[in-house]
There are 2 protein chains.
Amino acid sequence: MTPPSTRSERARAAVREAAWDLLLDRGLRAVTIEAIAERSGVAKTTIYRHWPTKNAIVLDALRERFEPTVAFGDTGSVLGDLTQQLQAVIGLLATEAGVAYLSLVVESWYDPDLATGLVERYLDRRRTAAIEVVERGVERGELSAGTDAGVLVDALYGALYYRLLVSRQPLPDTYASLLVAQVLDHDRSGSRD
Amino acid sequence: MTPPSTRSERARAAVREAAWDLLLDRGLRAVTIEAIAERSGVAKTTIYRHWPTKNAIVLDALRERFEPTVAFGDTGSVLGDLTQQLQAVIGLLATEAGVAYLSLVVESWYDPDLATGLVERYLDRRRTAAIEVVERGVERGELSAGTDAGVLVDALYGALYYRLLVSRQPLPDTYASLLVAQVLDHDRSGSRD
DNA sequence: CTCTAACGCTACGCTACGTAGCGTTGTTCC
DNA sequence: GGAACAACGCTACGTAGCGTAGCGTTAGAG
(Lines give C-alpha, C1' and ligand atoms only; values in the text may rest on other atoms or scores of the structure.)
Protein backbone atom coordinates (compact mmCIF):
# COMPACT_ATOMS: atom_id res chain seq x y z
CA MET A 1 0.00 0.00 0.00
CA THR A 2 1.39 3.37 -0.95
CA PRO A 3 0.94 5.82 1.91
CA PRO A 4 -1.81 8.33 1.13
CA SER A 5 -0.49 11.65 -0.09
CA THR A 6 -3.01 14.21 1.05
CA ARG A 7 -3.61 15.12 4.64
CA SER A 8 -7.25 14.23 4.26
CA GLU A 9 -6.53 10.79 2.93
CA ARG A 10 -4.08 10.12 5.70
CA ALA A 11 -6.70 10.98 8.26
CA ARG A 12 -9.31 8.82 6.54
CA ALA A 13 -6.98 5.85 6.34
CA ALA A 14 -6.01 6.21 9.99
CA VAL A 15 -9.67 6.24 10.94
CA ARG A 16 -10.48 3.14 8.94
CA GLU A 17 -7.55 1.33 10.42
CA ALA A 18 -8.37 2.32 13.99
CA ALA A 19 -11.98 1.27 13.50
CA TRP A 20 -10.90 -2.09 12.12
CA ASP A 21 -8.38 -2.72 14.88
CA LEU A 22 -10.94 -1.84 17.52
CA LEU A 23 -13.46 -4.13 15.89
CA LEU A 24 -11.10 -7.10 15.91
CA ASP A 25 -9.72 -6.37 19.36
CA ARG A 26 -12.82 -5.59 21.30
CA GLY A 27 -15.90 -6.16 19.17
CA LEU A 28 -18.39 -3.91 17.47
CA ARG A 29 -19.83 -2.64 20.72
CA ALA A 30 -16.47 -1.13 21.61
CA VAL A 31 -16.24 0.68 18.30
CA THR A 32 -17.39 4.20 19.11
CA ILE A 33 -16.57 7.45 17.40
CA GLU A 34 -14.79 8.59 20.52
CA ALA A 35 -12.71 5.43 20.72
CA ILE A 36 -11.82 5.67 17.04
CA ALA A 37 -10.78 9.28 17.51
CA GLU A 38 -8.55 8.43 20.41
CA ARG A 39 -6.97 5.40 18.75
CA SER A 40 -6.44 6.99 15.36
CA GLY A 41 -5.27 10.36 16.60
CA VAL A 42 -7.82 11.99 14.31
CA ALA A 43 -10.10 14.55 15.92
CA LYS A 44 -13.69 13.57 16.46
CA THR A 45 -14.88 16.58 14.52
CA THR A 46 -12.81 15.53 11.54
CA ILE A 47 -14.31 12.08 11.62
CA TYR A 48 -17.77 13.57 11.51
CA ARG A 49 -16.74 15.62 8.49
CA HIS A 50 -16.14 12.39 6.57
CA TRP A 51 -18.66 9.85 7.79
CA PRO A 52 -22.20 10.16 9.08
CA THR A 53 -22.12 7.16 11.43
CA LYS A 54 -19.85 4.65 13.05
CA ASN A 55 -21.26 1.89 10.87
CA ALA A 56 -20.31 3.72 7.70
CA ILE A 57 -16.71 3.80 8.89
CA VAL A 58 -16.67 0.12 9.74
CA LEU A 59 -18.27 -0.78 6.43
CA ASP A 60 -15.56 1.20 4.66
CA ALA A 61 -12.91 -0.63 6.63
CA LEU A 62 -14.52 -3.96 5.84
CA ARG A 63 -14.62 -3.17 2.13
CA GLU A 64 -10.86 -2.73 2.13
CA ARG A 65 -10.10 -5.82 4.12
CA PHE A 66 -12.74 -8.49 3.61
CA GLU A 67 -13.08 -9.98 0.18
CA PRO A 68 -16.32 -11.69 -0.72
CA THR A 69 -15.93 -15.34 -1.60
CA VAL A 70 -17.51 -15.56 -4.98
CA ALA A 71 -15.15 -17.60 -7.04
CA PHE A 72 -16.36 -21.07 -7.79
CA GLY A 73 -14.20 -23.77 -9.09
CA ASP A 74 -15.84 -26.17 -11.46
CA THR A 75 -15.51 -29.57 -9.88
CA GLY A 76 -17.69 -31.17 -12.49
CA SER A 77 -20.80 -31.61 -10.36
CA VAL A 78 -23.30 -29.33 -8.67
CA LEU A 79 -22.83 -31.08 -5.39
CA GLY A 80 -19.09 -30.67 -5.59
CA ASP A 81 -19.22 -27.02 -6.61
CA LEU A 82 -21.65 -26.07 -3.90
CA THR A 83 -19.86 -28.04 -1.23
CA GLN A 84 -16.63 -26.32 -2.12
CA GLN A 85 -18.18 -22.87 -2.01
CA LEU A 86 -19.99 -23.51 1.27
CA GLN A 87 -16.79 -24.84 2.75
CA ALA A 88 -14.96 -21.69 1.72
CA VAL A 89 -17.64 -19.48 3.26
CA ILE A 90 -17.63 -21.48 6.48
CA GLY A 91 -13.88 -21.09 6.68
CA LEU A 92 -14.06 -17.38 6.03
CA LEU A 93 -16.77 -16.81 8.62
CA ALA A 94 -14.69 -18.61 11.21
CA THR A 95 -11.84 -16.10 10.96
CA GLU A 96 -11.77 -13.03 13.16
CA ALA A 97 -12.64 -10.92 10.13
CA GLY A 98 -15.55 -13.24 9.48
CA VAL A 99 -16.85 -12.77 12.99
CA ALA A 100 -16.52 -9.01 12.52
CA TYR A 101 -18.54 -9.34 9.34
CA LEU A 102 -21.21 -11.30 11.18
CA SER A 103 -21.50 -8.64 13.84
CA LEU A 104 -22.10 -6.12 11.08
CA VAL A 105 -24.81 -8.34 9.65
CA VAL A 106 -26.42 -8.29 13.07
CA GLU A 107 -26.02 -4.54 13.38
CA SER A 108 -27.59 -4.01 9.97
CA TRP A 109 -30.95 -4.92 11.44
CA TYR A 110 -31.05 -1.38 12.77
CA ASP A 111 -29.23 0.36 9.96
CA PRO A 112 -30.75 0.22 6.47
CA ASP A 113 -27.72 1.83 4.87
CA LEU A 114 -25.46 -0.78 6.35
CA ALA A 115 -27.86 -3.51 5.29
CA THR A 116 -27.82 -2.25 1.72
CA GLY A 117 -24.05 -2.06 1.74
CA LEU A 118 -23.66 -5.60 2.97
CA VAL A 119 -26.26 -7.02 0.62
CA GLU A 120 -24.75 -5.34 -2.40
CA ARG A 121 -21.14 -6.09 -1.70
CA TYR A 122 -21.38 -9.56 -0.19
CA LEU A 123 -24.72 -11.31 -0.08
CA ASP A 124 -26.03 -10.63 -3.57
CA ARG A 125 -22.81 -11.56 -5.31
CA ARG A 126 -22.46 -14.84 -3.53
CA ARG A 127 -26.14 -15.62 -3.99
CA THR A 128 -26.03 -14.93 -7.70
CA ALA A 129 -22.94 -17.06 -8.15
CA ALA A 130 -24.48 -19.94 -6.24
CA ILE A 131 -27.68 -19.71 -8.24
CA GLU A 132 -25.69 -19.96 -11.44
CA VAL A 133 -24.08 -23.13 -10.20
CA VAL A 134 -27.43 -24.68 -9.41
CA GLU A 135 -28.84 -23.68 -12.77
CA ARG A 136 -25.83 -25.17 -14.48
CA GLY A 137 -26.71 -28.39 -12.68
CA VAL A 138 -30.24 -28.22 -14.00
CA GLU A 139 -28.99 -27.70 -17.54
CA ARG A 140 -26.67 -30.64 -17.19
CA GLY A 141 -29.54 -32.76 -15.99
CA GLU A 142 -28.05 -33.28 -12.55
CA LEU A 143 -31.04 -31.56 -10.99
CA SER A 144 -34.64 -31.84 -12.15
CA ALA A 145 -36.28 -29.17 -14.24
CA GLY A 146 -38.57 -28.08 -11.43
CA THR A 147 -35.66 -26.83 -9.35
CA ASP A 148 -35.96 -23.32 -7.94
CA ALA A 149 -32.36 -22.26 -7.54
CA GLY A 150 -33.08 -19.19 -5.42
CA VAL A 151 -35.07 -21.13 -2.86
CA LEU A 152 -32.46 -23.86 -2.60
CA VAL A 153 -29.55 -21.47 -2.31
CA ASP A 154 -31.29 -19.51 0.45
CA ALA A 155 -31.89 -22.77 2.28
CA LEU A 156 -28.22 -23.72 2.05
CA TYR A 157 -26.78 -20.40 3.15
CA GLY A 158 -29.69 -19.79 5.46
CA ALA A 159 -28.69 -22.89 7.39
CA LEU A 160 -25.21 -21.45 7.90
CA TYR A 161 -26.35 -18.05 9.06
CA TYR A 162 -29.06 -19.61 11.17
CA ARG A 163 -26.63 -21.78 13.05
CA LEU A 164 -24.05 -19.04 13.44
CA LEU A 165 -26.32 -16.13 14.31
CA VAL A 166 -29.51 -17.56 15.72
CA SER A 167 -29.18 -20.96 17.30
CA ARG A 168 -25.42 -20.72 17.90
CA GLN A 169 -24.64 -24.26 16.94
CA PRO A 170 -21.13 -24.97 15.70
CA LEU A 171 -20.45 -25.94 12.11
CA PRO A 172 -18.56 -29.22 12.05
CA ASP A 173 -16.01 -29.83 9.32
CA THR A 174 -18.35 -32.14 7.51
CA TYR A 175 -21.20 -29.68 7.56
CA ALA A 176 -20.89 -28.33 4.02
CA SER A 177 -20.97 -31.70 2.33
CA LEU A 178 -23.63 -33.00 4.68
CA LEU A 179 -25.84 -30.01 4.05
CA VAL A 180 -25.48 -30.18 0.30
CA ALA A 181 -26.15 -33.88 0.31
CA GLN A 182 -29.29 -33.51 2.40
CA VAL A 183 -30.77 -30.54 0.60
CA LEU A 184 -29.84 -31.35 -2.98
CA ASP A 185 -29.20 -35.03 -3.30
CA HIS A 186 -32.39 -36.79 -4.18
CA ASP A 187 -31.27 -40.01 -2.70
CA ARG A 188 -29.83 -38.47 0.46
CA SER A 189 -27.02 -40.96 0.28
CA GLY A 190 -24.46 -38.64 1.84
CA SER A 191 -22.58 -39.62 4.98
CA ARG A 192 -23.84 -38.80 8.45
CA ASP A 193 -21.93 -37.37 11.40
CA MET B 1 -55.65 -11.55 34.50
CA THR B 2 -56.10 -11.09 38.20
CA PRO B 3 -54.37 -7.92 39.33
CA PRO B 4 -51.23 -8.72 41.31
CA SER B 5 -51.74 -8.51 45.03
CA THR B 6 -48.40 -7.47 46.47
CA ARG B 7 -46.82 -4.10 45.91
CA SER B 8 -43.78 -5.78 44.44
CA GLU B 9 -45.74 -7.79 41.93
CA ARG B 10 -47.67 -4.72 40.87
CA ALA B 11 -44.45 -2.90 40.17
CA ARG B 12 -43.00 -5.84 38.28
CA ALA B 13 -46.10 -6.23 36.14
CA ALA B 14 -46.14 -2.52 35.35
CA VAL B 15 -42.51 -2.71 34.28
CA ARG B 16 -43.09 -5.68 32.00
CA GLU B 17 -46.08 -3.99 30.44
CA ALA B 18 -44.27 -0.70 29.88
CA ALA B 19 -41.32 -2.51 28.33
CA TRP B 20 -43.59 -4.44 26.00
CA ASP B 21 -45.55 -1.38 24.95
CA LEU B 22 -42.37 0.53 24.27
CA LEU B 23 -41.04 -2.36 22.25
CA LEU B 24 -44.10 -2.52 20.04
CA ASP B 25 -44.47 1.24 19.73
CA ARG B 26 -40.93 2.31 19.10
CA GLY B 27 -38.69 -0.70 18.71
CA LEU B 28 -36.04 -2.33 20.88
CA ARG B 29 -33.64 0.59 20.58
CA ALA B 30 -36.15 2.82 22.31
CA VAL B 31 -36.52 0.41 25.20
CA THR B 32 -34.24 1.83 27.87
CA ILE B 33 -34.40 1.47 31.61
CA GLU B 34 -35.08 5.18 31.90
CA ALA B 35 -37.91 5.05 29.38
CA ILE B 36 -39.44 2.04 31.10
CA ALA B 37 -39.23 3.83 34.44
CA GLU B 38 -40.97 6.88 33.07
CA ARG B 39 -43.66 4.94 31.24
CA SER B 40 -44.40 2.48 34.03
CA GLY B 41 -44.24 4.95 36.87
CA VAL B 42 -41.86 2.60 38.65
CA ALA B 43 -38.63 4.14 39.92
CA LYS B 44 -35.46 3.28 38.09
CA THR B 45 -33.87 2.06 41.29
CA THR B 46 -36.73 -0.34 41.85
CA ILE B 47 -36.34 -1.73 38.36
CA TYR B 48 -32.69 -2.42 39.05
CA ARG B 49 -33.68 -4.24 42.22
CA HIS B 50 -35.58 -6.77 40.10
CA TRP B 51 -33.71 -7.14 36.81
CA PRO B 52 -30.05 -6.91 35.89
CA THR B 53 -30.54 -5.65 32.34
CA LYS B 54 -33.07 -4.25 29.93
CA ASN B 55 -33.03 -7.46 27.92
CA ALA B 56 -34.01 -9.53 30.93
CA ILE B 57 -37.10 -7.36 31.32
CA VAL B 58 -38.06 -7.65 27.68
CA LEU B 59 -37.52 -11.40 27.72
CA ASP B 60 -39.82 -11.64 30.73
CA ALA B 61 -42.44 -9.61 28.91
CA LEU B 62 -42.07 -11.77 25.82
CA ARG B 63 -42.51 -14.94 27.85
CA GLU B 64 -45.89 -13.71 29.04
CA ARG B 65 -47.11 -12.60 25.65
CA PHE B 66 -45.53 -14.59 22.85
CA GLU B 67 -46.37 -18.26 22.63
CA PRO B 68 -44.07 -20.52 20.72
CA THR B 69 -45.67 -22.26 17.78
CA VAL B 70 -44.96 -25.87 18.46
CA ALA B 71 -48.21 -27.63 17.78
CA PHE B 72 -48.25 -29.68 14.63
CA GLY B 73 -51.32 -31.01 13.05
CA ASP B 74 -51.00 -34.33 11.37
CA THR B 75 -51.99 -33.78 7.76
CA GLY B 76 -50.97 -37.26 6.78
CA SER B 77 -47.74 -36.35 4.99
CA VAL B 78 -44.40 -34.88 5.96
CA LEU B 79 -44.66 -32.26 3.30
CA GLY B 80 -48.09 -31.23 4.52
CA ASP B 81 -47.10 -31.15 8.19
CA LEU B 82 -43.98 -29.12 7.61
CA THR B 83 -45.67 -26.72 5.25
CA GLN B 84 -48.37 -26.10 7.79
CA GLN B 85 -45.88 -25.47 10.57
CA LEU B 86 -43.70 -23.19 8.47
CA GLN B 87 -46.75 -21.29 7.39
CA ALA B 88 -47.75 -20.79 11.01
CA VAL B 89 -44.29 -19.55 11.92
CA ILE B 90 -44.21 -17.17 8.97
CA GLY B 91 -47.55 -15.77 10.03
CA LEU B 92 -46.42 -15.36 13.60
CA LEU B 93 -43.18 -13.64 12.64
CA ALA B 94 -45.13 -11.19 10.53
CA THR B 95 -47.10 -9.86 13.49
CA GLU B 96 -45.80 -6.96 15.51
CA ALA B 97 -44.99 -9.36 18.33
CA GLY B 98 -43.11 -11.47 15.83
CA VAL B 99 -41.02 -8.51 14.75
CA ALA B 100 -40.33 -7.75 18.40
CA TYR B 101 -39.19 -11.34 18.82
CA LEU B 102 -36.90 -11.02 15.82
CA SER B 103 -35.29 -7.91 17.23
CA LEU B 104 -34.54 -9.87 20.38
CA VAL B 105 -32.97 -12.60 18.31
CA VAL B 106 -30.74 -9.95 16.80
CA GLU B 107 -29.94 -8.46 20.18
CA SER B 108 -29.05 -11.88 21.55
CA TRP B 109 -25.86 -11.78 19.51
CA TYR B 110 -24.46 -9.56 22.24
CA ASP B 111 -26.23 -11.09 25.20
CA PRO B 112 -25.56 -14.75 26.00
CA ASP B 113 -28.26 -14.86 28.67
CA LEU B 114 -30.83 -13.59 26.24
CA ALA B 115 -29.61 -16.07 23.64
CA THR B 116 -30.01 -18.93 26.06
CA GLY B 117 -33.47 -17.75 27.02
CA LEU B 118 -34.64 -17.56 23.43
CA VAL B 119 -33.12 -20.87 22.43
CA GLU B 120 -34.65 -22.69 25.36
CA ARG B 121 -38.11 -21.21 25.16
CA TYR B 122 -38.58 -20.92 21.43
CA LEU B 123 -35.96 -22.29 19.09
CA ASP B 124 -35.26 -25.66 20.65
CA ARG B 125 -38.90 -26.56 21.11
CA ARG B 126 -39.82 -25.81 17.55
CA ARG B 127 -36.71 -27.51 16.23
CA THR B 128 -37.39 -30.67 18.20
CA ALA B 129 -40.99 -30.77 17.06
CA ALA B 130 -40.00 -30.32 13.43
CA ILE B 131 -37.38 -33.01 13.69
CA GLU B 132 -39.99 -35.41 15.01
CA VAL B 133 -42.17 -34.74 12.00
CA VAL B 134 -39.33 -35.42 9.62
CA GLU B 135 -38.43 -38.62 11.43
CA ARG B 136 -42.02 -39.71 11.28
CA GLY B 137 -41.76 -39.25 7.53
CA VAL B 138 -38.70 -41.46 7.44
CA GLU B 139 -40.46 -44.16 9.40
CA ARG B 140 -43.43 -43.99 7.06
CA GLY B 141 -41.10 -44.37 4.13
CA GLU B 142 -41.93 -40.93 2.73
CA LEU B 143 -38.31 -39.92 3.13
CA SER B 144 -35.30 -42.09 2.54
CA ALA B 145 -33.40 -43.73 5.37
CA GLY B 146 -30.34 -41.52 4.91
CA THR B 147 -32.27 -38.42 5.90
CA ASP B 148 -30.66 -36.22 8.53
CA ALA B 149 -33.61 -34.50 10.14
CA GLY B 150 -31.60 -31.90 12.02
CA VAL B 151 -29.80 -30.70 8.94
CA LEU B 152 -32.96 -30.47 6.90
CA VAL B 153 -34.92 -28.68 9.59
CA ASP B 154 -32.15 -26.12 10.03
CA ALA B 155 -32.16 -25.56 6.29
CA LEU B 156 -35.90 -24.95 6.27
CA TYR B 157 -36.04 -22.58 9.22
CA GLY B 158 -32.68 -21.15 8.35
CA ALA B 159 -34.12 -20.00 5.05
CA LEU B 160 -36.83 -18.10 6.90
CA TYR B 161 -34.50 -16.40 9.35
CA TYR B 162 -32.01 -15.72 6.61
CA ARG B 163 -34.53 -13.91 4.48
CA LEU B 164 -36.05 -12.02 7.38
CA LEU B 165 -32.89 -11.05 9.25
CA VAL B 166 -30.04 -11.10 6.79
CA SER B 167 -31.04 -10.54 3.20
CA ARG B 168 -34.34 -8.83 3.97
CA GLN B 169 -36.30 -10.50 1.25
CA PRO B 170 -40.05 -10.78 1.77
CA LEU B 171 -41.72 -14.15 2.31
CA PRO B 172 -44.46 -14.58 -0.27
CA ASP B 173 -47.61 -16.49 0.66
CA THR B 174 -46.47 -19.50 -1.29
CA TYR B 175 -43.07 -19.58 0.35
CA ALA B 176 -43.70 -22.32 2.90
CA SER B 177 -44.97 -24.86 0.39
CA LEU B 178 -42.37 -23.86 -2.18
CA LEU B 179 -39.56 -24.23 0.32
CA VAL B 180 -40.73 -27.61 1.56
CA ALA B 181 -41.20 -28.85 -1.97
CA GLN B 182 -37.73 -27.75 -3.02
CA VAL B 183 -35.85 -28.98 0.02
CA LEU B 184 -37.70 -32.19 0.74
CA ASP B 185 -39.44 -33.35 -2.37
CA HIS B 186 -37.15 -35.61 -4.30
CA ASP B 187 -38.84 -34.90 -7.56
CA ARG B 188 -39.11 -31.15 -6.99
CA SER B 189 -42.48 -31.26 -8.61
CA GLY B 190 -43.92 -28.50 -6.44
CA SER B 191 -45.43 -25.40 -8.00
CA ARG B 192 -43.31 -22.33 -8.77
CA ASP B 193 -44.15 -18.70 -8.19
C1' DC C 1 5.32 32.72 -0.33
C1' DT C 2 0.60 33.28 0.04
C1' DC C 3 -3.90 31.60 0.70
C1' DT C 4 -7.33 28.55 1.75
C1' DA C 5 -9.22 24.13 2.67
C1' DA C 6 -8.91 20.89 6.08
C1' DC C 7 -7.47 19.69 10.30
C1' DG C 8 -7.18 19.93 15.74
C1' DC C 9 -8.93 21.49 20.08
C1' DT C 10 -12.21 22.84 23.65
C1' DA C 11 -16.53 23.10 25.24
C1' DC C 12 -21.32 22.28 25.31
C1' DG C 13 -26.06 20.07 26.02
C1' DC C 14 -28.18 15.76 25.69
C1' DT C 15 -29.34 10.87 26.82
C1' DA C 16 -28.55 6.73 29.16
C1' DC C 17 -26.16 3.93 32.36
C1' DG C 18 -25.77 2.04 37.09
C1' DT C 19 -25.29 3.25 42.17
C1' DA C 20 -25.72 5.58 46.83
C1' DG C 21 -28.29 7.60 50.44
C1' DC C 22 -32.32 8.57 52.52
C1' DG C 23 -37.16 9.50 53.04
C1' DT C 24 -41.94 7.27 52.49
C1' DT C 25 -45.37 3.79 52.37
C1' DG C 26 -47.62 -0.72 51.99
C1' DT C 27 -48.12 -5.17 54.52
C1' DT C 28 -47.80 -8.22 57.90
C1' DC C 29 -48.13 -9.70 62.42
C1' DC C 30 -49.14 -9.12 67.13
C1' DG D 1 -55.22 -0.57 65.85
C1' DG D 2 -50.39 0.07 65.88
C1' DA D 3 -45.46 -1.24 65.49
C1' DA D 4 -41.81 -2.91 62.55
C1' DC D 5 -39.76 -3.80 58.38
C1' DA D 6 -39.41 -4.74 53.67
C1' DA D 7 -39.98 -2.54 49.49
C1' DC D 8 -40.72 1.38 47.06
C1' DG D 9 -39.81 6.48 45.46
C1' DC D 10 -36.83 10.35 44.99
C1' DT D 11 -32.65 13.02 44.28
C1' DA D 12 -28.17 13.19 43.12
C1' DC D 13 -23.90 11.65 41.33
C1' DG D 14 -20.02 10.15 38.07
C1' DT D 15 -19.29 7.98 33.62
C1' DA D 16 -19.69 7.31 28.65
C1' DG D 17 -20.94 8.50 24.21
C1' DC D 18 -23.44 11.32 20.98
C1' DG D 19 -23.37 15.14 17.65
C1' DT D 20 -22.39 20.24 17.04
C1' DA D 21 -20.33 25.03 17.41
C1' DG D 22 -16.60 28.14 17.40
C1' DC D 23 -12.13 29.14 16.66
C1' DG D 24 -7.25 28.56 16.23
C1' DT D 25 -3.56 26.09 13.36
C1' DT D 26 -1.28 24.03 9.48
C1' DA D 27 -0.48 21.40 5.25
C1' DG D 28 0.21 21.83 0.62
C1' DA D 29 -1.40 23.65 -3.94
C1' DG D 30 -0.48 27.32 -7.08
Side-chain angles (χ1 to χ4, degrees), chain A residues 2-23 25-61 103-104 106-114, chain B residues 2-23 25-61 103-104 106-114:
Chain A
T2 62
S5 53
T6 74
R7 184 161 59 144
S8 241
E9 224 1 271
R10 273 197 300 276
R12 293 177 60 94
V15 167
R16 282 192 298 266
E17 185 178 343
W20 184 251
D21 290 347
L22 272 171
L23 181 59
D25 280 7
R26 312 209 283 116
L28 187 56
R29 282 288 157 100
V31 181
T32 66
I33 300 276
E34 307 235 342
I36 294 171
E38 191 185 356
R39 186 142 179 169
S40 66
V42 174
K44 195 169 65 155
T45 43
T46 300
I47 298 177
Y48 278 110
R49 286 178 189 121
H50 288 293
W51 289 276
T53 66
K54 171 197 79 173
N55 289 337
I57 303 173
V58 181
L59 182 58
D60 265 10
S103 67
L104 279 179
V106 166
E107 183 74 13
S108 76
W109 176 254
Y110 290 109
D111 185 338
D113 291 339
L114 179 58
Chain B
T2 61
S5 51
T6 74
R7 184 161 60 147
S8 243
E9 225 0 272
R10 273 196 300 276
R12 292 176 62 94
V15 166
R16 283 191 298 264
E17 185 178 344
W20 184 252
D21 291 347
L22 272 171
L23 181 59
D25 281 7
R26 313 208 284 116
L28 188 54
R29 283 288 158 100
V31 181
T32 66
I33 301 276
E34 307 234 338
I36 294 171
E38 191 186 355
R39 186 143 178 168
S40 66
V42 174
K44 195 168 64 155
T45 42
T46 300
I47 297 177
Y48 278 110
R49 286 179 190 121
H50 288 293
W51 290 275
T53 65
K54 171 196 79 173
N55 289 337
I57 303 173
V58 180
L59 182 59
D60 266 9
S103 65
L104 279 179
V106 166
E107 182 75 12
S108 76
W109 176 254
Y110 291 109
D111 185 338
D113 291 338
L114 179 58

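Below, read A as the first sequence line, B as the second, and so on, with proteins coming before strands; counting in each chain starts at 1.
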Can you tell me how far [atom2] of [N] sits from [atom1] of [X], to the nearest Å?
X	N	atom1	atom2	value
Leu28(B)	dA16(C)	CG	P	14 Å
Arg29(A)	dC17(C)	CZ	P	12 Å
Arg7(B)	dT27(C)	CZ	C1'	8 Å
Glu38(A)	dG17(D)	CD	P	9 Å
Ile36(A)	dC7(C)	CD1	P	16 Å
Ile33(B)	dT19(C)	CD1	P	10 Å
Glu9(B)	dG26(C)	CD	P	17 Å
Glu34(B)	dT11(D)	CD	P	14 Å

Is any side-chain heavy atom of [X] less than 4.5 Å from a side-chain heavy atom of [Y]?
X	Y	value
Arg39(A)	Asp25(A)	yes
Val58(B)	Leu22(B)	no
Asn55(B)	Asp113(B)	no
Trp51(B)	Arg12(B)	yes

> Which residues in residues 44-57 of chain A have at least one heavy atom lying under 4.0 Å from any atom of DNA chain C?
Replying inline: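 Contacts with DNA chain C under 4.0 Å: Thr45(A), Thr46(A), Arg49(A), His50(A).
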> Within a radius of less than 6.0 Å around CD of Glu9(A), do more than 12 heavy atoms belonging to other residues, nucleotides or ligands occur?
Replying inline: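 Result for CD/Glu9(A): enclosed.
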